Amino acid sequence: LQQVQEHILKIVDVVQETPQVRLLRVEYPKGSGLAYLPGQFFMVSLVDHPQIRVSRAYSVASSPLNTDYIEIGFDKVGVLTTKLFDMKVGDSLKFKGPYGKFFFDPSYDEDVVLIGAGTGITPLMSIIRYCTDKGAKNPITLLYSARTPESIIYRKELDGKKAQNPHFEHTITITRAQETQEKWEGRVGRADEALLRASIKHPSKSIVFICGAKEFVFSMIAMLEGMGIKKEQIKTDVWG
Ligand SMILES: Cc1cc2nc3c(=O)[nH]c(=O)nc-3n(C[C@H](O)[C@H](O)[C@H](O)COP(=O)(O)OP(=O)(O)OC[C@H]3O[C@@H](n4cnc5c(N)ncnc54)[C@H](O)[C@@H]3O)c2cc1C
């Protein structure tokens, strides 16, 4: 059984990953025995803030094998994320966890299909990084829906991933191509059944992870079930 722990962790790095999305890396509490699985989340809150006492869920984006830091990523949408955007290296945050059943189990030998939209890439990135670090042989296919090329999180790393992990493939689809200044030669339009059918080579021996907003996740589930993929093969992380 996993042990939930609470730690006050110092920020060691702040990365402006896209115009909207920021990554925070906090020190890994070495020697604490803290362990999480790729895809799990922590409840994050401010340390002793007089007014803002909320805690919110953030999926870890880093690999559990990376014991230098824990990385989370978010956009500025409300109470906590506005505060998180003000945080600097040396500030501290409270992390409680890990939590969640949305994780890659190292014993899986199925093909791994990862489907994400927007910031929903974060737990999927943890799985990709973990499988790459571990040298896992599972074929991994990432289908990632972003509004514009500028808003693609982890773009450089994803483009270079195949060189590190020959079992990794990805397709990025851009849903608001008309809003970009960039010449995008990749796929455009929402993730649809044609994309799923073209990308999922072995539907009966795949495990599918879907992460994003409710409408996105539900529409993906319906399409996958239409392809004969069973509920037991699908794991979801719905953020609201
Ligand atoms: C398991 C899990 C994992 C998650 N992982 C991540 C992650 O990795 N990255 C990430 O970015 N998020 C993640 N989330 C979502 C995250 O927990 C927060 O909900 C999110 O960051 C917003 O928090 P907030 O306090 O900034 O916004 P809140 O203040 O809670 O606002 C939430 C939403 O309500 C809207 N809103 C706020 N105030 C008002 C108002 N007065 N009137 C109308 N609308 C309003 C905001 O625009 C926003 O869309 C995850 C959620 C879950 C459940």
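Throughout, residue positions are numbered sequentially from 1 according to the sequence presented. Here the structure is a predicted model, which is why all the values come from computation and not from measurement. As the structure lists them, so they are numbered: ligands from 1, and atoms in each ligand from 1.
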Keeping E17 on the side-chain end and I153 on the backbone end, is there a donor-acceptor pair under 3.5 Å? no
Treating N138 as the side-chain partner and Y108 as the backbone partner, does any N or O pair qualify as donor plus acceptor under 3.5 Å? yes
Nitrogen or oxygen atoms of [X] and ligand 1 under 3.5 Å apart:
X    : answer
S59  : yes
F41  : no
T82  : no
V238 : no
F74  : no

Flag: protein heavy atom within less than 4.0 Å of [atom]:
atom                    : answer
atom 4 (C) of ligand 1  : yes
atom 43 (C) of ligand 1 : no
atom 48 (C) of ligand 1 : yes
atom 28 (P) of ligand 1 : yes
atom 34 (O) of ligand 1 : no

Ligand 1 versus D237, non-hydrogen atoms closer than 4.0 Å: side chain, backbone, both, neither? side chain
If hydrogens are left out, which of F85, W239, Y58 has an atom nearest to atom 18 (C) of ligand 1, that is, the closest non-hydrogen atom? Y58
Out of G118, G73, P123, who is nearest to atom 9 (N) of ligand 1 when you count heavy atoms only? G73
Considering heavy atoms of the protein only, find what lies nearest to [atom] and give residue, atom and distance to 0.1 Å.
atom                    : result
atom 37 (C) of ligand 1 : V77 O, 4.4 Å
atom 17 (O) of ligand 1 : A57 O, 2.7 Å
atom 31 (O) of ligand 1 : G78 CA, 4.0 Å
atom 26 (O) of ligand 1 : T81 OG1, 2.5 Å
atom 23 (O) of ligand 1 : R56 NE, 3.4 Å

How long is the gap from [atom1] on [X] to [atom2] on [Y], to the nearest 0.5 Å?
X    : Y    : atom1 : atom2 : value
I70  : S63  : CD1   : OG    : 11.5 Å
L142 : I128 : CG    : CD1   : 4.5 Å
T119 : M125 : OG1   : CE    : 14.5 Å
E27  : I8   : CD    : CD1   : 10.5 Å

Is NZ or CZ of K235 both nearer than 6.0 Å to the six-membered ring centre of F104 and within 45° of the ring axis? no
Can you confirm if the NZ or CZ of R129 lies within 45° of the ring axis of Y154 and under 6.0 Å from the centre of its six-membered ring? yes
Using a strict cut-off of less than 4.0 Å between a Lys/Arg side-chain nitrogen and an Asp/Glu carboxylate oxygen, indicate whether R25 and E71 qualify as a salt bridge. yes
Are D192 and R187 ion-paired here, with the side-chain N under 4.0 Å from a carboxylate O? yes
Under 4.0 Å from a heavy atom of T122: give me the atoms of ligand 1 that qualify, with their elements. 7 (C), 8 (O)
I'd like to check which ligand 1 atoms, numbered from 1 as shown, lie under 4.0 Å from a non-hydrogen atom of V79. 24 (P), 25 (O), 26 (O), 27 (O), 28 (P), 29 (O)
Between ligand 1 and G100, can you find any atom pair, the residue atom being a heavy atom, that is separated by under 4.0 Å? no
Under 4.0 Å, counting heavy atoms only: does V54 come that close to any atom of ligand 1? no
Any side-chain donor paired with an acceptor under 3.5 Å for E150 and T180? yes
Please determine, by modelled atom types, if Q2 and Q40 share a side-chain donor-acceptor pair under 3.5 angstrom. yes
Quick check on R155: does its CZ atom have over 12 non-hydrogen neighbours (other residues, nucleotides or ligands) under 6.0 Å away? yes
